[in-house]
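Below: the structure, in structure tokens.
Each chain gets a letter, A, B and so on, in the order the sequences are listed, and its residues count up from 1.
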Amino acid sequence: MASIQLGEGEKTFIIHGICKDDLRSDGRTCLSYRNFELECGVVSNTSGSARLKLSNTQVLVGVKAEMGPPNPLNPSRGGIEFFVDFSANASPKFAGRGGDELAAEISNMLGLVYKNKKMLDYKSLCVIAGQCVWTLYADIVVLECGGNLLDAIALAVKAALYNTRIPLVTVHKDMDGTEDIDVSSNPHDFVTLDTKNLPVLVTVTTVGSGHIVDATLEEEACSMACIVAAVNKEGAIDGMVKKGSGSLTIDSIYKMLTSAKQIGKDLNKSLDDFLSKKGSDMSSKGFLT
Amino acid sequence: MAGLELLSDEGFRLDGRRPSELRKIRLRLGVFDQADGSAYIEQGNTKALATVYGPHEVLGGKGKPLHDKVIINCQYSMATFSTNERKNRPQGDRKSTEMSLHLQRTFEATIQTHLYPRSQIDIFVQILQADGGNYCACVNAATLAIINAGIPMKDYVCACSSGYVNNTPLTDVSYLEESQGGPVVTVAMLPKSEQIALFKMDNRLHVDHLEQVLEVASKGCKDMYAVMNAAVKEHVSRMAKSMECS
Amino acid sequence: MPTDTKRIQGPDASQSTFLYKKRANTVQPALLEEGKRQDGRSPLEIRPIFLKAGAVSQAKGSCYMEMKNTKVICAVYGPREVPRRDGFVINGQLRCEFKFATFASEVRHGHLTSHTEKDLALQVQQALEPAVCLHKIPKSQVDIFITVLENDGSVLSAAITCASIAVANAGIEMYDLVIGSSLRQTGETLLLDPTAFDETAESESTDDTQAIVTVGFLPSLKQVSCSVQQGQLQCEDSIKALQQCIDVCERYYQVVYECLKKSVKKLKSPVESPMDEAPAS
């Protein structure tokens, strides 16, 4: 991810704290997560949106549902497409095309996880098989880039999908056999998505001989490798990618996956609790609070 | 859309406003910690976020540093979900480049550039929701962000747009009113000296009506200034109070 | 997007005949019939591989690899000067480019690099970085160009192996070779070294867990440098699948070692010795 420059002394300090004392620079233990703020329904002309603030990482996700022709390989399924935009607000080096590589990496990771047919009920997104399906365009704007971007983005995407309202569509056959699509213009006629099975991404970063969760920018600069695991609420691993230019032993991978599984389950639970209370908000204060 | 009355017989617009009323404005300074200055503004349904980085050394291939003034680098980008139709590219297309250029010219006229030779100031504006008056919201947000960053300016820059329908000039046009094809005049003004930093007009307007429309836009700018000034003073007094207490 | 005027593109609305073939087939061939896969192998059988180091004479190092129908060629140039001057990096850098030939898969690929190719390039680069002694080539860059001539599954693992042999062939110092392997898990069955059909076919019962796991392994250091899992697996099954892939990598290691040894011997002797197939055990 976007890195900052650290001196050798600072790196040694961080690594020693993590490996020997289970203590990080901000006082957390290796496996504790920071608090995050989540708001749904921030942008009103999207089908669903969410804003997440994880200390100094801020992302805004807007989901737009559009009808269009299906992917020829899957004619009776809807789909989801991700687009990540690093706003220049986060750092001047993201101006112009600066953030394109990182953005491609993140959208590929999300695409890999959501490719699984069991994630969302893609069949219900089909209107007329072979001709017209709903495609969900999830657009992610990274407003502030602190550490742990992937986790924040995945949480916000899950919240935005929970918040999404797809207009009700009825298909009736005309007398000459052609099918007519009727989109309801009543704003209270909508279908929501079932986000129970959606996973949450947990990035476990190796620092020295130990591993940490929810790394800050400084801790990411000290690490050589990390594992990004998609964990759903039952603790099953929906996808896993190793990132970074270091290598790992199979034992450390096992330990990291076990930690990721536990943290993922907890994250999912707290997110689901929050969403069931406040996930359907359609107009919130956004940045004004 | 046929049958849309921009101005009803009783004198009400589509969203219930009178012709000379601005939309509801809500704003906040100092939204981000990482940037040197930041601000968020909501004008009706148009939401804009501005951040300012600088002054810092000239980075990137933006050209050589100027020996007598600061380089102002602006970028205007719209979130892909900000418009009704999903946009494919947030920035880099013609319209965004043109807007970035307008912003740059506006602020080159206002910021005291001679104070920071051989340096660069970056102004980045992001539109989160577009409902007409994009440029105006950007300019207003950017002014507040520059104030938040502590960069000296000659005056506030306030922008307002105005349209002309049924012999009545309208202040602060929304997207629906813009898309009807009527003339839209956008003015960015320094309120105290009443100098105009940017003047833009779309579509056709008879020259006889120009003065009327321009006056309405200037009044809109001054109203904007009153709101922004009050907000800045309130923000500063809050900061001062918290500094006194600590 | 700039289009290449010398290429003759079909009409915009044209579709590949492969899509029509799939729709016509209402009965999909099963993944496993009587315990044998579509190409006749048993689930735990891996394809024989053919390796030739030094296949591209102009490149500093190169390798051509065939895993039955998956054909990958890799060329390495470097260490060369870093062309862009953004930031000073004291250690060397690896730059990887991955490209499917347009005729490689059943559906024609475009000639511009797509997102998948960029992602695969990044994976191969991150798989090789731990193995190459980058501190020995300061301020330089090693360019790795991978082209997939025919895609019959397990492309990433083939590319990783091929690239690491090419880098070794180029004479760049490495800590260890990187060997790639992959498998597909369907319910309780593990299919090692899946072909393209194995990777995309649906299994009979849709409730089974489905996952494709690819691993890049350093055999002497016993470390994993690349790990990609696509699909859902329980944590323990995930580790078991990783372990299986690692065992396959160990089996390939002997073959890779022999191939490199042969290429070095050929440099010593002026007479060309015949290249023979080296089937995996």
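Annotation: the span from A:T216 atom OG1 to A:I14 atom CD1 amounts to 6.5 Å, rounded to 0.5 Å.
In A:F274, the CZ atom is crowded: over 12 heavy atoms of neighbouring residues, nucleotides or ligands sit closer than 6.0 Å.
A 4.5 Å side-chain heavy-atom check between B:R23 and B:D131 finds at least one atom pair inside the cut-off.
Heavy-atom distances place the side chain of A:D85, and not its backbone, under 4.5 Å from chain B. For a residue to count as touching a neighbouring chain, one of its non-hydrogen atoms must lie under 4.5 Å from one of that chain's; by this rule B:Q75 touches chain A with the side chain only. In this structure, no portion of B:S38 lies under 4.5 Å from any heavy atom of chain A. For B:S82, the part lying near chain A is the backbone, with the side chain staying farther off; criterion is any non-hydrogen pair under 4.5 Å. Contacts of B:D122 with chain A are made by side-chain atoms alone, with heavy-atom separations under 4.5 Å and no backbone atom involved. B:I123 does not touch chain A: none of its heavy atoms, backbone or side chain, sits under 4.5 Å away.
Heavy-atom pairs under 4.5 Å with chain A were tallied for B:V52, B:D33, B:L49; the largest tally goes to B:L49. Of the listed residues A:P92, A:A90, A:G62, the one with more heavy-atom pairs under 4.5 angstrom with chain B than any other is A:P92.
With respect to A:D26 and A:R28, a salt bridge is recorded, a charged nitrogen being found less than 4.0 Å from a carboxylate O.
Annotation: salt bridge (Lys or Arg N to Asp or Glu O under 4.0 Å) contacts of B:D202 (sequence neighbours excluded): none.
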N/O donor-acceptor pairs under 3.5 Å from side chains in residues 134-144 of chain A, not counting sequence neighbours:
from, atom 1, to, atom 2, distance (Å)
A:D139, OD1, B:T80, OG1, 3.3
A:D139, OD1, B:R86, NE, 3.3
A:D139, OD1, B:R86, NH2, 2.8
A:D139, OD2, B:T80, OG1, 3.1
A:D139, OD2, B:R86, NE, 3.0
A:E144, OE1, A:Q58, NE2, 3.1

